[in-house]
Amino acid sequence: QVQLVESGGGLVQVGGSLRLSCVASGTIFSINTMGWYRQAPGKQRELVADITSGGRTNYADSVKGRFTISRDNAKNTVYLQMNSLKPEDTAVYYCKADVPNRYGTSRFYWGQGTQVTVSS
């Protein structure tokens, strides 16, 4: 079993910054893609950014140039540096990880979410 625990959310003013962290623990041989998603009230969960084990990144258009995703494979941790925050970035942010078992079969795991609120 694998657990993902996010941290770093909070309340910030427009233009401010936050750094989210997500640590994976449990029976882990390796982790493929790790990513951040968000869900605002009344909206569907959407991809914010993800990163492969080799470091290739992908961003939603709405956060390009403002957010940076990174990971530390030795610590099974993924980060999301969020700068120039806007009110529309307000959402619950979830971490997702693609974790293969010893047989090579992958399963997706989700964290419990961390609230990010950007006030104007």
Side-chain angles (χ1 to χ4, degrees):
Q1 193 63 286
V2 174
Q3 298 80 38
L4 302 179
V5 178
E6 301 106 333
S7 60
L11 175 64
V12 65
Q13 291 187 332
V14 170
S17 298
L18 284 174
R19 188 191 194 210
L20 306 183
S21 300
C22 171
V23 181
S25 62
T27 305
I28 297 173
F29 299 96
S30 64
I31 304 178
N32 295 329
T33 299
M34 302 185 78
W36 289 96
Y37 289 70
R38 66 186 180 188
Q39 187 166 18
K43 295 188 177 181
Q44 289 188 329
R45 191 172 297 187
E46 63 177 1
L47 172 69
V48 176
D50 59 24
I51 183 169
T52 67
S53 57
R56 188 173 70 245
T57 59
N58 174 49
Y59 294 92
D61 288 342
S62 59
V63 306
K64 284 180 180 177
R66 300 189 298 122
F67 292 9
T68 302
I69 189 170
S70 61
R71 63 189 283 175
D72 185 332
N73 291 331
K75 297 181 179 179
N76 292 331
T77 301
V78 63
Y79 306 96
L80 186 69
Q81 178 67 44
M82 304 186 294
N83 298 328
S84 302
L85 283 161
K86 305 176 180 180
E88 52 263 43
D89 295 318
T90 295
V92 178
Y93 283 69
Y94 297 91
C95 174
K96 179 183 177 183
D98 175 9
V99 184
N101 60 22
R102 68 181 69 187
Y103 307 109
T105 301
S106 289
R107 175 180 169 181
F108 292 113
Y109 293 88
W110 290 91
Q112 81 288 351
T114 185
Q115 177 70 47
V116 171
T117 303
V118 184
S119 67
S120 54

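Numbering of residues begins at 1 and proceeds along the displayed sequence.
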Next on the checklist: For a quick check under 3.5 Å, do Arg71 and Asn73 share a side-chain donor-acceptor pair by atom type?
Outcome noted: yes
Item to check | Donor on one side chain, acceptor on other, Thr33 and Asp98, under 3.5 Å | outcome: no
Next on the checklist: Check this for me, if you would: do Lys86 and Asp89 make a salt bridge, where the nitrogen-to-carboxylate-oxygen distance has to be below 4.0 angstrom?
Outcome noted: no
I'd like to know if the side chain of [X] and the backbone of [Y] have a donor-acceptor N/O pair within less than 3.5 Å.
X      : Y      : result
Glu6   : Gln112 : yes
Tyr109 : Gln1   : no
Thr117 : Thr90  : no

Heavy-atom pair with the smallest gap, counting every atom of [X] and [Y]:
X     : Y     : value
Ala91 : Ala40 : CB-N, 3.8 Å
Ala97 : Ile31 : CB-CG2, 4.1 Å
Arg66 : Leu85 : NH1-CA, 3.9 Å

Checklist entry - Do Leu80 and Arg38 pass the side-chain contact (heavy atoms from CB on, under 4.5 Å) test, and can you show the C-alpha distance, the side-chain angles, and the key distance before you say yes or no? => result CA-CA 12 Å; Leu80 186 69; Arg38 66 186 180 188; over 6 Å; no
Would you kindly confirm whether [X] and [Y] end up in one hydrophobic cluster when ILVMFWY residues are joined by side chain heavy atoms under 4.5 Å apart?
X     : Y     : value
Val23 : Met82 : no
Leu47 : Val92 : yes
Tyr94 : Ile69 : no

Taking only distance into account, with no hydrogens and no angle test, what donor-acceptor pairs under 3.5 Å do side-chain atoms of residues 8-22 form with protein atoms, sequence neighbours excluded?
residue	atom	partner	partner atom	Å
Ser17	OG	Asn83	OD1	2.9

State the [atom1]-[atom2] distance between [X] and [Y], to the nearest 0.5 angstrom.
X     : Y     : atom1 : atom2 : value
Asp72 : Tyr79 : CG    : OH    : 5.0 Å
Lys64 : Tyr59 : NZ    : OH    : 10.5 Å
Gln44 : Gln39 : CD    : CD    : 8.5 Å

Next on the checklist: Tell me which one of Ile51, Val63, Val78 satisfies side chain to side chain contact (heavy atoms under 4.5 Å, CB included) with Trp36.
Outcome noted: Val78
Checklist entry - Between Thr114, Thr77, Leu4, which is the residue that forms a side chain to side chain contact (heavy atoms under 4.5 Å, CB included) with Cys95? => result Leu4
Checklist entry - With Tyr37, which residues qualify under ring pair (Phe, Tyr, Trp, His ring centres under 6.0 Å), at least two apart? => result Trp110
Checklist entry - Heavy-atom count around Glu88 CD within 6.0 Å, excluding the residue itself: above 12? => result yes
